[in-house]
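Nothing here was measured: the structure is a model prediction, and the numbers come from that model. Only heavy atoms go into these numbers, but all of them, side chains included; no hydrogens, no water, no symmetry mates.
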Amino acid sequence: MKMALFTGMRRGEIFKLKWADIDEINGFIKIRDPKGGIDQKIPLNDAARDLLKEHPSTGSEYVFPGRSGGQRVDIHHEVNRIRDNAGLPKDFRALHGLRHVFASMLASSGQVDLYTLQRLLTHKSPSMTMRYAHLRDQALKDASSVAADIVNEAMRPKKKAEVVNLEARR
């Protein structure tokens, strides 16, 4: 679940993730056969790198293997336990929800443009990214304040330039 939060990866992408897909030298994660069809790469940030360093290797080629060591197919049992303990609704989709949280955090930060967010989420279109990138109320308030500041600055009376006679100063 932390991997989804740190990277914005889809559930299936996390389940398919192999140790060979982690490029620590260049700092990227290869996403094989994503929803869009074409293999992609996303940055391996420090939090995800630390998570993977601490993650136990079971000898499987998969980072998060299933019981037999093969590709994991679900995490319902684990997620349902967390969901119930947290009092979340029965239709809570943990990994998908964390992907939305990832996108919303970045969009609300004001530090990541929509195109970059689109690339991080491996979306083909900006319209899909917009569906994920919900802004926090505070981010909207901050943006509205910027507009007010710009208008107020434009309306502020300007000081008249003082003309100085350089000949008279001699």
Side-chain angles (χ1 to χ4, degrees), residues 1-139 142:
M1 293 179 81
K2 283 183 179 179
M3 193 68 170
L5 188 58
F6 292 150
T7 65
M9 291 173 69
R10 293 177 180 92
R11 173 185 170 271
E13 295 167 350
I14 293 172
F15 289 176
K16 292 177 192 172
L17 185 63
K18 296 179 179 181
W19 289 108
D21 298 332
I22 310 299
D23 180 356
E24 283 199 58
I25 294 170
N26 295 308
F28 284 95
I29 299 170
K30 182 176 184 178
I31 299 178
R32 295 176 186 272
D33 192 30
K35 190 174 180 180
I38 299 169
D39 288 358
Q40 304 267 349
K41 66 178 183 177
I42 59 170
L44 174 64
N45 61 42
D46 290 340
R49 184 187 314 266
D50 291 345
L51 175 72
L52 291 171
K53 282 181 183 175
E54 294 174 13
H55 186 67
S57 177
T58 62
S60 172
E61 66 180 325
Y62 292 95
V63 176
F64 305 104
R67 286 192 182 109
S68 65
Q71 182 179 322
R72 180 175 289 277
V73 292
D74 73 71
I75 57 168
H76 287 99
H77 177 71
E78 297 86 352
V79 170
N80 290 345
R81 188 169 22 96
I82 293 168
R83 178 200 66 206
D84 294 343
N85 288 337
L88 296 168
K90 294 286 185 200
D91 63 348
F92 175 70
R93 294 170 56 198
L95 295 178
H96 188 71
L98 292 172
R99 184 169 162 82
H100 277 267
V101 170
F102 173 84
S104 296
M105 285 187 313
L106 293 178
S108 292
S109 75
Q111 298 178 50
V112 178
D113 62 86
L114 183 63
Y115 178 72
T116 302
L117 184 56
Q118 177 184 338
R119 297 285 312 270
L120 288 171
L121 294 171
T122 67
H123 285 151
K124 287 185 177 178
S125 74
S127 60
M128 180 57 75
T129 305
M130 301 268 303
R131 291 176 55 193
Y132 278 74
H134 311 288
L135 293 176
R136 296 183 332 250
D137 287 345
Q138 189 59 49
D142 292 346

**Asked** Is D21 reaching over with its side chain to a backbone N or O of K18, donor-acceptor style, under 3.5 angstrom?
**Response** yes

**Message:** With a 4.5 Å cut-off on side-chain heavy atoms, are I29 and D23 touching?
**Reply:** no

**With sequence neighbours excluded, residues passing side-chain contact (heavy atoms from CB on, under 4.5 Å) with L106** = F102, V112, L117, L120

**Request:** Test T58 against S60 for side-chain hydrogen bond (donor to acceptor under 3.5 Å, both in side chains), laying out the working first.
**Result:** CA-CA 5 Å; T58 62; S60 172; 4.6 Å; no

**Asked** What is the distance from atom CD1 of I14 to atom CG of L95, rounded to the nearest 0.5 Å?
**Response** 5.5 Å

**Prompt:** Distance-only, no hydrogens or angles: does the N80 side chain make a donor-acceptor pair with backbone N or O of H76 under 3.5 Å?
**Reply:** yes

**Item:** Name of the residue among M3, M1, M9 meeting side-chain contact (heavy atoms from CB on, under 4.5 Å) with L98
**Value:** M1

**Fill in**
d(H77 NE2, I82 CD1) to nearest 0.5 Å is 10.0 Å

**Flag, side chain of R99 to backbone of L121, donor-acceptor distance under 3.5 Å** = yes

**Over all atoms of both residues, closest heavy-atom pair of Y62 and Q71** = CE1-N, 3.4 Å

**Message:** List the residues meeting ring-ring contact (aromatic ring centres under 6.0 Å, His included) with H123, not counting sequence neighbours, and say none if there are none.
**Reply:** Y132

**Message:** Is it the case that over 12 heavy atoms from other parts of the model lie below 6.0 angstrom from the CZ atom of R131?
**Reply:** no

**Request:** Could you check if a side-chain atom of K90 sits within less than 4.5 angstrom of a side-chain atom of R83, using non-hydrogen atoms only?
**Result:** yes

**Asked** Is a side-chain donor or acceptor of R11 paired with a backbone partner of H96 at a separation under 3.5 angstrom?
**Response** no

**Message:** Working to the nearest 0.5 angstrom, can you tell me the gap between R81 CZ and N85 CG?
**Reply:** 7.5 Å

**Prompt:** Quick one: does L44's side chain get under 4.5 Å of F28's, heavy atoms only?
**Reply:** no

**Request:** To the nearest 0.5 angstrom, please state how far the CH2 atom of W19 sits from the CG atom of L52.
**Result:** 5.5 Å

**Request:** State whether the side chain of Q40 and the backbone N or O of K30 hold a donor-acceptor pair below 3.5 Å, judged by distance alone.
**Result:** no

**Item:** Beyond-backbone contact of L17 with I22, side-chain heavy atoms, under 4.5 angstrom
**Value:** yes

**Prompt:** Taking only residues two or more places apart in sequence or in another chain, which ones pass side-chain contact (heavy atoms from CB on, under 4.5 Å) with A20?
**Reply:** none

**Item:** Residue pair V73 / F15, side-chain heavy-atom distance below 4.5 Å
**Value:** no

**Request:** Could you grab the distance from atom CD of Q118 to atom CG of D113, nearest 0.5 Å is fine?
**Result:** 10.0 Å

**Message:** Measuring only between side-chain heavy atoms, which start at C-beta, is L5 closer than 4.5 Å to M105?
**Reply:** yes

**Message:** If you compare all heavy atoms of R72 against all heavy atoms of I75, which two are closest, and at what distance to 0.1 Å?
**Reply:** CD-CG2, 3.4 Å

**Item:** Atom CZ of R10 with >12 non-hydrogen neighbours under 6.0 angstrom
**Value:** yes

**Message:** As an exercise, state the distance from CD1 of I31 to NZ of K16, rounded to the nearest 0.5 Å.
**Reply:** 10.5 Å

